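To keep things clear, I will list the structure first and then write my remarks on it.
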2 protein chains.
Amino acid sequence: MTTLSVFMDVPLAQKLEGSLLKTYKQDSCPNKIFLAFRVCQTSKGQPWVSSVVPKIRLQIAQDPSLNYEYLPVNGMRSFTEAALKLLFGKHNQVIVENRVGGVHIVGDNGAFQLGAQFLKIWRKDSQIVYIISSKKEPYGLVFQDMGFTVREYSFWDSKQLCMDANVLLNVAEQAPHDCIFVIGNICDCNLTQSQWAMLMANLKNKRIFLFFDISNQGLSTGDLEKDTGFLQYFVSQGFEFFCSQSLSKNFGIYDEGVGILVVVALNNELLLCVLSQLMKLTQALWLNPPTTGARIITSILCNPALQEEWKQSLKGLVENIMLIKEKVKEKLRLLGTPGSWDHITDQNGSHSYLGLNIQQVEYLIKKKHIYLPKNSRINFTCINAHNIDYITQSINEAVLSTKGLD
Amino acid sequence: MTTLSVFMDVPLAQKLEGSLLKTYKQDSCPNKIFLAFRVCQTSKGQPWVSSVVPKIRLQIAQDPSLNYEYLPVNGMRSFTEAALKLLFGKHNQVIVENRVGGVHIVGDNGAFQLGAQFLKIWRKDSQIVYIISSKKEPYGLVFQDMGFTVREYSFWDSKQLCMDANVLLNVAEQAPHDCIFVIGNICDCNLTQSQWAMLMANLKNKRIFLFFDISNQGLSTGDLEKDTGFLQYFVSQGFEFFCSQSLSKNFGIYDEGVGILVVVALNNELLLCVLSQLMKLTQALWLNPPTTGARIITSILCNPALQEEWKQSLKGLVENIMLIKEKVKEKLRLLGTPGSWDHITDQNGSHSYLGLNIQQVEYLIKKKHIYLPKNSRINFTCINAHNIDYITQSINEAVLSTKGLD
């Protein structure tokens with residue numbers, strides 16, 4: 001008699017991502033290039049790490065006084081405090097009025113997992129989630145798996161080749177009352193005063209729940225305050241919100257997935273209620289968050305000299321990104337590639353749209369062994385002195401070869 | 001007009017634990033003692049860390065070749081492989097036949113969170129969970145929050161003052177078909193051959209889904225293989241199961257909550273299906289697990305000399321625990337405390353039942369400022385040369401003072 005497996009009804013799950021990287025890895029061409037790494041690369045093709053991080057790692061490892069006991073469920077308090085100050089500025093009214101708090105979370109999706117669980121229970125009327133961002137976000141699945149209806153919109157206008165704030169404005173105009181908005185890099189959209197006013201009026205009238213995603217503070221413009229300045233605006237207008245604050249990318253501690261679910265409430269009493277419910281959920285999710293990333297970041301943020309060194313390293317990284325973009329644009333201009341390439345330098349951050357169409361992307365992959373996503377959003381730090389000529393010449397060829405096919 | 005808060009319906013959550021520690025901290029008595037710390041303490045009252053861990057931490061921090069890129073969703077492969085070999089032994093048939101796998105998880109509850117989510121989807125008929133362990137387990141809440149009916153049983157017989165395997169046997173006898181059994185430290189129960197046979201027949205006939213909890217490998221008897229030997233028995237009898245393997249406590253890396261959700265299936269094809277579904281869930285839960293703990297443990301397990309040093313440190317810890325227990329028993333004997341105290345040394349591991357009743361526990365807390373849980377399950381490593389006399393004298397007083405009240 002054969003035993004029946006308890007798992008016999010479980011089918012193989014479809015792979016959700018990574019097929020581009022897989023194809024790249026299987027390509028035997030020596031000149032192959034991958035332009036879609038998630039993290040910033042150094043000129044040597046290594047993941048970027050802020051120069052201050054290895055020093056702190058060593059310092060922590062050499063410190064015999066450190067205690068490696070379990071953290072409390074809400075995590076490392078000094079870490080959440082330092083991270084909140086970084087996000088809002090030390091003297092922000094939500095900090096002064098003691099109505100902002102954070103739960104130390106795990107992994108890049110942790111804050112969304114925790115926040116979504118909370119919303120599932122405490123905002124029963126808010127079962128539609130609008131995700132408006134500059135790219136396809138992995139946390140769409142988090143909300144979807146939990147039973148929310150998810151609608152996704154991109155700020156990127158692939159016709160006009162620019163970020164379009166109107167996408168957000170239109171969604172806010174049409175969305176039903178009491179829904180949830182998850183908003184990505186809104187700072188890249190440059191809303192006008194009247195656009196802000198219109199947006200906020202809709203958000204307020206419809207009691208839309210706001211959930212911001214800040215995973216790149218400082219990596220957009222190189223200026224930490226500028227990148228999150230819009231949060232101050234929401235605070236000053238009396239909004240409450242959640243925010244996923246991830247600190248992996250701007251320190252170069254990718255492998256720790258360190259961050260916070262930030263809660264802004266109207267007053268301290270409300271805040272404590274929300275935090276207490278989040279704590280209950282956290283307990284079931286992972287009980288205690290891991291410390292390494294939080295410890296490194298806290299050591300840096302709580303020491304003015306180290307914090308300054310970190311800021312300079314961020315600034316250097318962003319300047320380098322802009323330099324690469326300028327060079328790519330200039331080389332395309334010199335090659336006489338049809339079209340304006342200003343959109344490359346108009347976009348902030350390491351990951352930006354090249355503005356190619358699907359035929360051009362396929363040309364690059366199939367004929368030139370240059371791997372990039374179908375939407376042509378690439379990581380510009382994958383371009384360096386060794387490959388820039390090959391890449392720009394290939395883009396030129398791709399554009400010329402598909403001319404008139406649009 | 002006052003703005004209504006989006007959080008206005010959220011009440012303060014009840015605190016679920018930690019009240020004993022809180023009362024202890026508020027006690028101003030200089031002689032107060034806390035006997036309920038979760039982790040093993042050194043003789044100096046610090047959390048125990050295997051001597052080999054700080055060396056490896058330093059080595060990792062000094063290694064410029066390490067890459068801190070995101071881990072894949074399923075985690076660090078070398079870590080899961082090393083951990084599975086540790087759990088089953090290198091030459092176990094499930095490893096040779098390629099039908100065991102693991103997902104690198106986060107936090108002490110992570111494996112239960114992930115496993116419960118899987119069971120919720122893929123074992124729709126299994127909505128009753130029996131948790132049978134030597135203590136109240138925190139993951140009861142995980143299953144409960146997810147909508148499972150949870151029934152909890154303890155191996156500890158507070159009348160006979162011993163671990164009683166019949167608890168498990170009776171539950172298996174009475175449980176309905178297709179339910180789920182989460183089984184804690186079964187190795188402490190010393191089942192006889194006929195008890196094993198009876199248990200397994202019931203588990204098999206009723207298609208009960210098994211979920212083992214191994215959070216203390218090596219910390220029970222000091223012998224790694226002995227502590228998990230029963231798993232081999234289940235394997236040899238053709239069982240499939242999940243297992244939460246936590247490696248925080250036996251390395252002393254508490255603050256990283258590092259572990260694996262282990263899957264044993266009848267064959268590789270089934271295994272891959274289950275792992276693929278788990279990966280999908282992991283992606284939503286935390287996307288990428290953190291590396292620090294996994295990196296430390298892998299470095300130790302993959303180096304025979306370091307592994308040996310780690311094993312010796314574990315053995316030393318367990319010997320020390322037994323020594324403390326022997327001393328407590330001997331001191332109670334010398335004091336003439338009524339009752340047999342053999343149950344102290346009959347139990348394995350750092351955390352064991354003192355076998356006091358509720359009045360005696362309250363006497364110790366209120367009159368002697370010695371803090372222990374109501375069930376009198378204490379962490380024996382909290383007892384050291386400085387406090388052993390005070391503690392044993394106090395136990396003696398407590399027992400004498402409540403004599404005849406039972």
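The shown structure was predicted, so the numbers you read here are calculated from the model rather than taken from an experiment. Reminder, nothing fancy here: chain letters follow the sequence lines and each chain counts from 1.
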For this session: Sort A/P290 into side chain, backbone, both or neither according to what part of it lies under 4.5 angstrom from a heavy atom of chain B.
Result: both
Exercise. Checking B/Q277 against chain A: side chain, backbone, both or neither under 4.5 Å from a heavy atom?
Worked result: both
Seminar exercise, completed: Whatever's closer than 4.5 Å to a heavy atom in chain B on A/F242 counts as side chain
Problem set entry | Donor-acceptor under 3.5 Å (A/Q46 side chain, B/N67 main chain) | no
Exercise. Is it the side chain or the backbone of B/V263 that comes within 4.5 Å of chain A heavy atoms, both, or neither?
Worked result: side chain
Seminar exercise, completed: Scanning both residues in full, the closest heavy-atom pair of A/L4 with B/L266 reads C-CD1, 4.2 Å
Problem set entry | Residue B/D145 versus chain A: region with a heavy atom under 4.5 Å | side chain
Seminar exercise, completed: Under 4.5 Å to a heavy atom of chain A? For B/P289 that would be backbone
For this session: Take A/D9 and B/R123, measure what salt bridge (Lys or Arg N to Asp or Glu O under 4.0 Å) needs, and give me the verdict at the end.
Result: CA-CA 9 Å; A/D9 298 327; B/R123 294 273 298 180; over 6 Å; no
Problem set entry | Residue pair A/V142 / B/A284: nearest heavy atoms and the distance that separates them | CG2-O, 3.5 Å
Problem set entry | Minimum heavy-atom distance B/L272-A/L12, with the two atoms named | O-CD1, 3.6 Å
Problem set entry | Winner by heavy-atom pair count (cut-off under 4.5 Å) against chain A, out of B/V106, B/L71, B/V49, B/V6 | B/V6
Problem set entry | Largest heavy-atom contact set with chain B, pairs under 4.5 Å, which of A/I253, A/I121, A/L285, A/L66 | A/L285
Exercise. Is it true that atom CD of B/E269 has more than 12 heavy atoms of other residues, nucleotides or ligands lying nearer than 6.0 Å?
Worked result: no
Problem set entry | pair B/V39-A/E69: side-chain heavy atoms closer than 4.5 Å | yes
Exercise. Relative to chain A, which segment of B/S248 carries a heavy atom at a distance below 4.5 Å: side chain, backbone, both, or neither?
Worked result: side chain
Exercise. Between atom OH of B/Y70 and atom CZ of A/F37, what is the distance when rounded to the nearest 0.5 Å?
Worked result: 14.0 Å
Exercise. What part of B/Q117 lies closer than 4.5 angstrom to a heavy atom of chain A: side chain, backbone, both or neither?
Worked result: side chain
Exercise. Do side-chain atoms of A/N109 reach the backbone of B/Q283 as a donor and acceptor pair under 3.5 angstrom?
Worked result: yes
Exercise. Highest number of heavy-atom pairs under 4.5 Å with chain A: which of B/P47, B/G293, B/S5, B/G257?
Worked result: B/S5
For this session: Give a yes or no on this: more than 12 heavy atoms of other residues, nucleotides or ligands lie within 6.0 Å of atom CZ of A/R207.
Result: yes
Exercise. What do you reckon, are the aromatic ring centroids of A/F7 and B/F209 less than 6.0 Å apart?
Worked result: yes
For this session: Side chain from CB out, backbone as N, CA, C, O: work out which of these in B/F239 comes under 4.5 Å of a heavy atom of chain A, or both, or neither.
Result: neither
Seminar exercise, completed: Output for pair (B/N288 CG, A/D255 CG), nearest 0.5 Å, gives 9.5 Å
Problem set entry | Contact winner vs chain B - A/Y139, A/W286, A/Y68, A/Y254, heavy-atom pairs under 4.5 Å | A/Y68
For this session: Could you tell me which portion of A/F118 (side chain, backbone, both or neither) has an atom closer than 4.5 angstrom to a non-hydrogen atom of chain B?
Result: side chain
Seminar exercise, completed: Rounded to the nearest 0.5 Å, the NZ atom of A/K280 sits from the CG atom of B/L141 at a distance of 8.0 Å
Exercise. Between B/M8 and A/E240, is a side-chain contact (heavy atoms from CB on, under 4.5 Å) present by the stated rule, with each step listed?
Worked result: CA-CA 11 Å; B/M8 67 182 188; A/E240 293 172 303; over 6 Å; no
Exercise. By number, which residues in residues 54-63 of chain B have some heavy atom less than 4.5 Å away from chain A?
Worked result: B/R57, B/L58, B/A61, B/Q62
